[in-house]
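The structure displayed is predicted, hence computed values, not measured ones. Lettering follows sequence order; numbering is per chain, from 1. Just so it is clear, the values below take in all heavy atoms, side chains as well, and ignore hydrogens, waters and symmetry mates.
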2 protein chains.
Amino acid sequence: MLKEERQQTILRVVELHNRILLTDIAETLDVSIDTIRRDVKELDADNKLKKVHGGAISLGFTTNSVKNKNIYKLEQKTIIAEKAAALLKDGSVIFVDGGTTCNELARLIPNNLDLTCFTHSIPVAMELLTKSNVTVILIGGQVSKESQISIGANAIHNLSEIKVDYSFIGTGYVDSYYGLTEFDWDIVQVKKAIIKCSKKTVLLSISEKLNSQHRYKSCDINAINTMITELEPENELLNSFRNHDIRIL
Amino acid sequence: MLKEERQQTILRVVELHNRILLTDIAETLDVSIDTIRRDVKELDADNKLKKVHGGAISLGFTTNSVKNKNIYKLEQKTIIAEKAAALLKDGSVIFVDGGTTCNELARLIPNNLDLTCFTHSIPVAMELLTKSNVTVILIGGQVSKESQISIGANAIHNLSEIKVDYSFIGTGYVDSYYGLTEFDWDIVQVKKAIIKCSKKTVLLSISEKLNSQHRYKSCDINAINTMITELEPENELLNSFRNHDIRIL
DNA sequence: TTTTATTTTGCCGTTTTATGCAATTTTTAT
DNA sequence: ATAAAAATTGCATAAAACGGCAAAATAAAA
């Protein structure tokens with residue numbers, strides 16, 4: 001095998017998998033580890049990839065796409081947030097809930113989009129402040145340490161005085177029969193208020209939460225207009241939600 | 001798993017969750033806690049995140065501005081914040097303004113102090129959330145992009161319904177004759193509301209701002225009960241403030 | 001084709017890096 | 001004040017990187 005084609009192969013593999021181990025490549029291509037090491041060194045010098053201890057990673061890898069394990073459900077949440085962000089239009093007035101998925105949504109909102117965003121989540125607010133065309137309006141109230149959102153009577157009262165086009169909410173648990181449920185009573189009260197102040201409610205939920213329930217109920221499943229998961233809409237896990245009037249993305 | 005991709009993963013998790021526990025990461029990625037600790041240490045050294053006891057937090061979430069250019073002024077602000085923190089007593093109900101000095105105050109509040117803190121500043125709120133014995137109450141309203149605080153009619157109205165023992169405020173400019181002044185009209189309205197809802201008002205100001213003024217006035221110098229600067233109380237720069245009824249620290 | 005020069009490759013010993021373990025100190029919470 | 005959790009330190013092991021060298025492969029020249 002020629003040196004040139006070997007290097008091309010290495011590059012292809014790196015691009016495909018984002019990462020490789022030198023030992024793996026050496027075994028696959030049946031050359032010594034030293035040779036591979038030299039190859040990778042050259043490719044690195046040519047800025048074709050990044051050499052690291054024990055292997056190499058693709059240059060684009062730094063930005064995104066950890067295709068490996070679903071560590072912390074990163075991939076799912078990003079997929080969901082992307083789908084949700086696609087719903088946004090110039091001039092929309094929306095509410096963004098707290099939670100990691102909604103955080104991701106806030107992060108993925110395009111910078112050039114004109115929006116008015118209400119939120120009771122501190123991290124979301126922080127994220128939205130970086131978007132130059134987004135007007136951020138904070139819902140005040142007592143702040144929950146765990147979830148980092150305003151809760152309590154004051155927050156609920158503030159919510160009662162607004163009306164938004166869309167609200168994007170998360171939930172602890174969701175089930176087609178039991179609806180949206182939570183572990184925490186206070187959170188439920190706020191969710192109710194959010195849903196009440198929204199013309200349309202969009203639920204962002206990773207598939208893991210589907211068909212699970214807990215003690216306190218935020219709303220019936222019918223209160224949700226659109227449900228977004230990381231799954232393909234045809235996935236059978238979503239079957240039980242189909243006979244409700246819900247758009248599934 | 002390559003060290004590099006492990007670190008990338010850690011970074012992504014931190015960015016999404018804002019805060020993580022080292023033990024969680026270690027378990028998820030299936031390496032020893034020592035390794036994770038070393039990774040986080042490196043990432044911190046590279047200014048990719050902030051390492052804290054037991055975990056790590058994202059830079060966007062750290063309000064005390066590691067990225068602050070002006071180290072010197074930061075030190076001044078720390079001195080001021082330390083003096084201010086010394087005033088706090090168990091059970092106090094206080095308001096904390098926005099701005100870097102007040103951020104620093106929030107950061108320096110002892111963890112064991114029982115406090116109820118109102119604030120309209122997102123960075124301050126974030127900082128306060130890390131204090132287990134502090135109840136944080138957020139003042140809602142439209143959020144100013146530059147100063148990251150709630151302003152406008154709603155914020156002012158919310159302030160009108162509370163009364164706190166102490167408010168700790170910053171200002172753009174301060175002068176013994178012209179009082180506290182600002183460049184921004186909206187900010188002034190909020191400052192007025194803050195002062196109105198406080199039994200005692202404590203001004204935190206670096207000496208650089210002394211004897212300067214601008215277009216819009218927040219209040220007379222007499223409205224301030226205590227003024228804290230990084231200077232020694234005897235400093236002659238403070239002379240013009242002495243014939244007012246102000247405690248100078 | 002044969003010879004010569006150049007490049008490539010594999011091997012080896014040394015040095016560096018990464019990682020986990022255990023003992024100790026520091027920090028935090030109760 | 002005490003107990004628990006986390007950080008630090010030093011150390012041992014294993015894997016990986018490095019540099020030199022000689023054999024092998026390739027290219028160039030006679």
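For residues 82-100 of chain B, the pairs satisfying salt bridge (charged side-chain N to carboxylate O under 4.0 Å, His left out) are Asp97(B)-Lys191(B), with sequence neighbours left out.
Here Val52(B) lies in heavy-atom contact (under 4.0 Å) with sugar-phosphate atoms only. At a threshold of 4.0 angstrom between heavy atoms, the contacts of Ser132(B) with the nucleic acid are absent. In this structure, Ile33(A) reaches neither bases nor backbone, as no heavy-atom distance under 4.0 Å exists between it and the strands shown.
Rounding to whole angstrom units, CD of residue Glu4(B) and P of dA16(D) are separated by 16 Å. Atom pair Gln7(A):CD and dT9(C):P shows a separation of 9 Å (rounding to whole Å applied). We find that CG of Asp34(B) is positioned 16 Å from P of dC11(D), with the value rounded to whole Å. Rounded to an integer number of Å, the gap from NE2 of His53(B) to C1' of dT28(C) is 6 Å. Protein atom NZ of Lys41(A) is 15 Å distant from nucleotide atom P of dT8(C), rounded to whole Å. For the pair Leu2(B) CG and dT17(C) C1', the computed distance is 13 Å after rounding to whole Å. Remark: P of dA6(D) and CD1 of Ile36(B) are 14 Å apart, rounded to the nearest angstrom. Taking atom CZ of Arg38(A) as the reference point, atom P of dT8(C) lies 10 Å away to the nearest angstrom.
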Lys77(A) and Thr100(A): CA distance, side-chain angles, deciding distance, side chain to side chain donor-acceptor pair (under 3.5 Å) verdict: CA-CA 8 Å; Lys77(A) 288 175 179 173; Thr100(A) 50; 2.8 Å; yes

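Counting non-hydrogen atoms of other residues, nucleotides and ligands closer than 6.0 Å to CD of Glu42(A) gives a total above 12. Surrounding NZ of Lys51(B) are more than 12 heavy atoms belonging to other residues, nucleotides or ligands, all under 6.0 Å away.
Inter-axis angle, ends of the helix from dT1(C)-dA30(D) to dT30(C)-dA1(D), five pairs per end, rounded to 10 degrees: 40°.
Note on Arg6(A): every side-chain N or O is 4.0 Å or more away from OP1 and OP2 of dT8(C). Phosphate contact (OP1/OP2 of dA17(D), side-chain N/O of Lys51(A), threshold under 4.0 Å): present.
You won't find any donor-acceptor pair under 3.5 Å spanning the side chain of Arg37(B) and the base of dG20(C), going by distance alone.
Taking the six-membered ring where the residue is Trp, Tyr216(A) and Trp185(A) present perpendicular rings, their angle passing 60° and hence far from 30°. The aromatic rings of Phe183(A) and His214(A) lie perpendicular to each other, with more than 60° between the two planes, well past the 30° mark.
Between the side chain of Glu104(B) and the backbone N or O of Ala81(B), no donor-acceptor pair lies under 3.5 Å.
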